[in-house]
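Quantities reported herein were computed from a predicted structural model and do not represent experimental measurements. Numbering starts at 1 and runs along the sequence shown.
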Amino acid sequence: MAMSFRRQVEAISGHNTSLCFQCSKCSAGCPMAGQMDLKPSQVMHSIRLNREDVVLRSKAIWLCVGCETCSARCPQQVEPADVMNAARILALRKGIKPAVR
């Protein structure tokens, strides 16, 4: 049986996305949130729901600058920056072109 999208992201990032309880501190601190189609907390929630196409085709994963402000603010130490990077890796592996230039 194929590994779920959530499990693939977790395997690459090394973090359990189920620990996210949607406090949105990641989104509140993100300097790029205003330009994103999905806020970091929405990306996290979509991953937990296995919404692969929504996440991998989003602008958000490509607009993330990796500043790790989200990770520093996360009370659950889920490391959203690592999770965003894992989503980018999966998109590229699946041949999905970045949604932004």
Side-chain angles (χ1 to χ4, degrees):
M1 184 175 185
M3 193 182 308
S4 72
F5 173 60
R6 179 175 60 90
R7 294 280 185 223
Q8 291 176 57
V9 169
E10 291 175 344
I12 294 168
S13 70
H15 299 286
N16 182 354
T17 60
S18 294
L19 295 176
C20 173
F21 57 74
Q22 293 292 290
C23 70
S24 294
K25 287 184 178 184
C26 55
S27 297
C30 178
M32 296 302 292
Q35 287 75 47
M36 292 178 170
D37 50 353
L38 297 173
K39 305 295 185 241
S41 62
Q42 293 173 311
V43 171
M44 297 299 293
H45 189 61
S46 293
I47 289 169
R48 290 174 50 223
L49 295 175
N50 284 305
R51 297 180 71 200
E52 180 174 352
D53 204 49
V54 169
V55 174
L56 298 187
R57 296 189 185 283
S58 73
K59 292 179 182 176
I61 64 172
W62 303 104
L63 290 173
C64 172
V65 294
C67 69
E68 298 186 5
T69 301
C70 55
S71 296
R73 296 174 63 106
C74 180
Q76 295 296 91
Q77 300 171 339
V78 177
E79 303 287 336
D82 291 348
V83 171
M84 292 277 210
N85 189 50
R88 285 192 296 270
I89 290 168
L90 282 172
L92 291 172
R93 283 183 185 169
K94 293 171 188 274
I96 298 171
K97 302 257 189 275
V100 296
R101 297 184 74 181

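- With hydrogens and angles ignored, the 3.5 Å screen pairs a side-chain donor or acceptor of Asp37 with a backbone N or O of Ala60.
- The two residues Ser41 and Gln22 have their closest heavy-atom pair at O-NE2, 3.1 Å.
- In terms of heavy-atom proximity, Cys64 sits nearest to Arg88 at CB-NH1, 3.6 Å.
- Side-chain atoms of Pro75 and Lys25, non-hydrogen and from C-beta on, do get closer than 4.5 Å to each other.
- Annotation: side chain of Cys23 is not in contact with side chain of Arg73 (no heavy-atom distance under 4.5 Å).
- Remark: Thr69 pairs with no residue by the side-chain hydrogen bond (donor to acceptor under 3.5 Å, both in side chains) rule, at least two apart or across chains.
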Item to check | side chain to side chain contact (heavy atoms under 4.5 Å, CB included) between Cys30 and Cys70, worked out | outcome: CA-CA 6 Å; Cys30 178; Cys70 55; 5.6 Å; no

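- When all heavy atoms are compared, the tightest approach of Leu63 to Met32 is O-CG, 3.5 Å.
- In terms of heavy-atom proximity, Ile61 sits nearest to Ala87 at CG2-CB, 3.8 Å.
- Here the straight-line distance linking atom CD of Glu68 with atom CG of Asn85 works out to 9.5 Å at 0.5 Å rounding.
- Note that CG of Asp82 is 9.5 Å distant from CD1 of Ile89, once rounded to the nearest 0.5 Å.
- Two different hydrophobic clusters hold Phe21 and Val43 under the rule that ILVMFWY side chains link at heavy-atom gaps under 4.5 Å.
- Distance check, rounded to the nearest 0.5 Å: OG of Ser58 to CE of Met36 gives 8.5 Å.
- Nearest heavy-atom pair across Cys20 and Val78 is N-CG2, 3.8 Å.
- Nearest approach of Trp62 to Ile96, heavy atoms of both residues: CZ2-O, 4.4 Å.
- Using a distance-only test at 3.5 Å, with no hydrogens or angles considered, no donor-acceptor pair links the side chain of Arg6 to the main chain of Asn50.
- Side-chain heavy atoms closer than 4.5 Å link hydrophobic residues (I, L, V, M, F, W, Y) into clusters, and following such links, even through other members, never connects Met84 to Leu49.
- Among residues at least two apart or in separate chains, salt bridge (charged side-chain N to carboxylate O under 4.0 Å, His left out) pairs with a member in residues 43-55 are Glu52-Lys94, Asp53-Arg57.
- Taking CD from Gln76 and OG from Ser18, the interatomic distance works out to 11.0 Å, rounded to the nearest 0.5 Å.
- At least one donor-acceptor pair under 3.5 Å links the side chain of Ser71 to the backbone N or O of Ala81.
- A distance of 6.5 Å separates CD of Gln42 from OG of Ser27, quoted to the nearest 0.5 Å.
- Between the Lys59 side chain and the Val100 main chain, no donor and acceptor come within less than 3.5 Å of each other.
- Expressed to the nearest 0.5 Å, how far CZ of Arg7 lies from CD1 of Ile12 amounts to 14.0 Å.
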